[in-house]
Amino acid sequence: MLVSTMAVVLGLSAGGVLLIVVLGYAQVRAEHSEAMATARGVAALIDRNSLPRLIAVAPNVQVQVIDEDNKVAAVSATARDQLVPMLTPEQLDGLADGHEVPIAGYLIGYEGTASVVQLTAGPPTAPLRILVARSTEEIAQSVHVLRITLLILYPLLAALLAAVLWRVLGAALRPVDALRAGAEEITDGTRAGRLPVPDSHDEVHRLAVTLNDMLHRLDAARARQRAFVADAAHELRSPLTNMRTELEVAQHLPDDTDWPALTDDLLADVQRLSRLVDDLLLLARSDEGVITARVEEIDLGQLVGEAVQRYPGVEFDEPGKPLPLLAEPDALARVVTNLLDNACRHRRETVAVAVAEDGSDLLVVVTDDGPGIPEEDRQRVFQRFTRLDDARARDAGGSGLGLAIVRELVRRHRGAVTLGDAHPGLRVEVRLPKP
């Protein structure tokens, strides 16, 4: 605020100085123009050979006509001296037409200062010099009065302007200071994550609303991160606890223990732990926007058929023709595998997979005859670590990340995944745009 006030004060100072300079220059130019107009009028009389002994001019002007011998040939009635030239021979020597010579005003009967301008007229063989004198005291006085006036009024004006600016800028910046204080309180943890919003509907109001929206998104992101870390730690603890328990028990088993069976149990836990770590790594890279997989043209029907072959008893409705698609093969294979794992885990008897063409899209449909998912939960199941009440048992093999990974991978392919009823069971439809 102080800097702004000082800038305005300095601007006014520069404006005052510029006003004095411009006003003085404008008045000098106006006086010079009037003197040259008078000189050109006398020159016209000389060219017509009608120059009188006494030249009629304005009362505030003195005119002398000097011959080549520096003698006064004609004067105005206002001239003080009708015999001695206004300028000395030294001043006349080399003086160009239109140029001014400043002289002391008392020499020609003026107070203060005066200026004399010269113009040459007449034949080249007998030239005459026209000298026109005017007082410059009035110009000097007007500039002096302006300077004194500004010197007196300027401090008062500057003080008044500084006070007004201080009040106005203070009132304008008070909401900004409130935002700053609120930000400090949020940083210190003494305030909830919201900044005060001023009542005025101006730029500061919109700034506060935008900052609060940003803080809301940051709080939501931190909450999601904390929940993700907590859920990940909980999911990782389960297989690690199982492995630790099995190893501690194995230390007290007799030598005739069925060690291959024990290693099979440990291997199952290790595989579950490995899958969970891979899922967490995939989601973390997706959140950071890190995509390193290669994109190539594939046959979607062939890719889905190869994935279905690893699941005995799953029905596959082949498309009957190639369905080319630009995609990440590993990512789409992961989508199909996650959907088949979920369907096989909850089916009663059958799971069916179909691949078809629908206008400008390609469809992958996975259906099962299991309990299905209620309509109110069909968006919630795409959240990470989400399990419905009838699928919460961790020994069933689910981590709650399968559908979340499916949605992320399908989005990377500019597609969409939806859940519906299979009557009975669940119908999962993956829609991918054709190239």
**Item:** Heavy-atom side-chain proximity of Gln91 to Met86 below 4.5 angstrom
**Value:** no

**Message:** Could you check whether any side-chain N or O of Gln62 sits under 3.5 Å from a backbone N or O of Ile108, counting only pairs where one atom can act as donor and the other as acceptor?
**Reply:** yes

**Complete:** Here the pair of heavy atoms bringing Ala327 nearest to Pro329 is O-CD, 3.4 Å

**Message:** Set out, in order, the CA-CA distance, both residues' side-chain angles and the distance that settles side-chain contact (heavy atoms from CB on, under 4.5 Å) for Val428 and Asn342, then state yes or no.
**Reply:** CA-CA 10 Å; Val428 183; Asn342 189 67; 5.7 Å; no

**Message:** I need the Leu432 CG to Leu326 CG distance, nearest 0.5 Å.
**Reply:** 11.5 Å

**Prompt:** Where is the tightest heavy-atom contact between Ala307 and Val336, given as atom of each residue plus distance?
**Reply:** CB-CG1, 3.8 Å

**Item:** side-chain contact (heavy atoms from CB on, under 4.5 Å) assessment of Leu332 paired with Leu409
**Value:** CA-CA 7 Å; Leu332 284 188; Leu409 295 179; over 6 Å; no

**Asked** Hey, does Asp368 have a side-chain heavy atom less than 4.5 Å from the side chain of Arg345?
**Response** no

**Prompt:** Can you check whether Asp421 reaches Arg378 side chain to side chain, under 4.5 Å on heavy atoms?
**Reply:** yes

**Message:** If we check side-chain contact (heavy atoms from CB on, under 4.5 Å) with Tyr311, which of these qualifies: Val351, Leu340, Val353?
**Reply:** Leu340

**Message:** Taking CD in Glu248 as the centre, count heavy atoms belonging to other residues, nucleotides or ligands within less than 6.0 Å. Is the count above 12?
**Reply:** yes

**Request:** State whether the number of non-hydrogen atoms from other residues, nucleotides or ligands found under 6.0 Å of Glu376 atom CD is greater than 12.
**Result:** yes

**Message:** By the definition side-chain hydrogen bond (donor to acceptor under 3.5 Å, both in side chains), identify the one residue from Gln302, Arg310, Gln309 that meets it with Glu306.
**Reply:** Gln302

**Residues Leu131, Leu92; criterion side-chain contact (heavy atoms from CB on, under 4.5 Å); working and verdict** = CA-CA 10 Å; Leu131 302 180; Leu92 290 170; 4.0 Å; yes

**Asked** Looking at residues at least two apart in the chain, or sitting in another chain, which of them share a side chain to side chain donor-acceptor pair (under 3.5 Å) with Arg427?
**Response** Glu429

**Complete:** When rounded to the nearest 0.5 Å, the distance separating CZ of Arg217 from CG of Asn212 is 10.5 Å

**Request:** Measure across Pro433 and Asp361 and return the closest heavy-atom pair with its distance rounded to 0.1 Å.
**Result:** CA-OD1, 3.5 Å

**Request:** Can you sort out the partners of Ser142 under side chain to side chain donor-acceptor pair (under 3.5 Å), two or more places apart, ordered by chain and number?
**Result:** Gln27

**Message:** Would you compute the distance between atom CG of Leu303 and atom CG of Asp330 and round it to the nearest 0.5 angstrom?
**Reply:** 9.0 Å

**Item:** All side chain to side chain donor-acceptor pair (under 3.5 Å) counterparts of Gln379, not counting sequence neighbours
**Value:** none

**Request:** Drop me the distance from Leu426's CG to His346's NE2, to the nearest 0.5 angstrom.
**Result:** 9.5 Å

**Prompt:** Is any side-chain heavy atom of Val57 closer than 4.5 Å to a side-chain heavy atom of Val132?
**Reply:** no

**Prompt:** Can you tell me how far the CZ atom of Arg431 sits from the CG atom of Leu363, to the nearest 0.5 Å?
**Reply:** 4.5 Å

**Message:** Quick one, Arg347 with Val314, criterion side-chain contact (heavy atoms from CB on, under 4.5 Å). Give me CA distance, side-chain angles, the key distance, then yes/no.
**Reply:** CA-CA 11 Å; Arg347 68 179 174 181; Val314 174; 4.2 Å; yes

**Asked** Taking atom CZ of Arg206 as the centre, does the number of heavy atoms from other residues, nucleotides or ligands within less than 6.0 Å exceed 12?
**Response** yes

**Prompt:** Who pairs with Asp299 by salt bridge (Lys or Arg N to Asp or Glu O under 4.0 Å), at least two apart in sequence or on another chain?
**Reply:** none

Let me have the donor-acceptor pairs involving side chains of residues 112-119, under 3.5 Å, with sequence neighbours excluded, atom names and distances please.
from: Thr113; atom 1: OG1; to: Thr136; atom 2: OG1; distance (Å): 2.5
from: Gln118; atom 1: NE2; to: Leu95; atom 2: O; distance (Å): 2.9
from: Gln118; atom 1: NE2; to: Asp97; atom 2: OD1; distance (Å): 3.3

**Item:** Side-chain ion pair, Arg412 and Glu408, N-O less than 4.0 Å
**Value:** no

**Asked** Looking only at heavy atoms, what is the nearest atom pair of Leu339 and Val430, with distance?
**Response** CD1-CG2, 3.8 Å

If you look only at distance, which donor and acceptor atoms sit under 3.5 Å apart when one is on a side chain in residues 32-40 and the other is two or more places apart or in another chain?
from: His32; atom 1: ND1; to: Glu100; atom 2: OE2; distance (Å): 2.8
from: His32; atom 1: NE2; to: Gly98; atom 2: O; distance (Å): 3.4
from: Ser33; atom 1: OG; to: Arg29; atom 2: O; distance (Å): 2.9
from: Glu34; atom 1: OE1; to: Arg134; atom 2: NH1; distance (Å): 3.4
from: Glu34; atom 1: OE1; to: Arg134; atom 2: NH2; distance (Å): 2.8
from: Thr38; atom 1: OG1; to: Glu34; atom 2: O; distance (Å): 3.1

**Prompt:** At what distance, to the nearest 0.5 angstrom, does CG of Leu323 lie from CG of Leu362?
**Reply:** 5.5 Å

**Request:** Indicate the atoms forming the closest heavy-atom contact of Val304 with Phe316, along with that distance.
**Result:** CG1-CE1, 3.8 Å

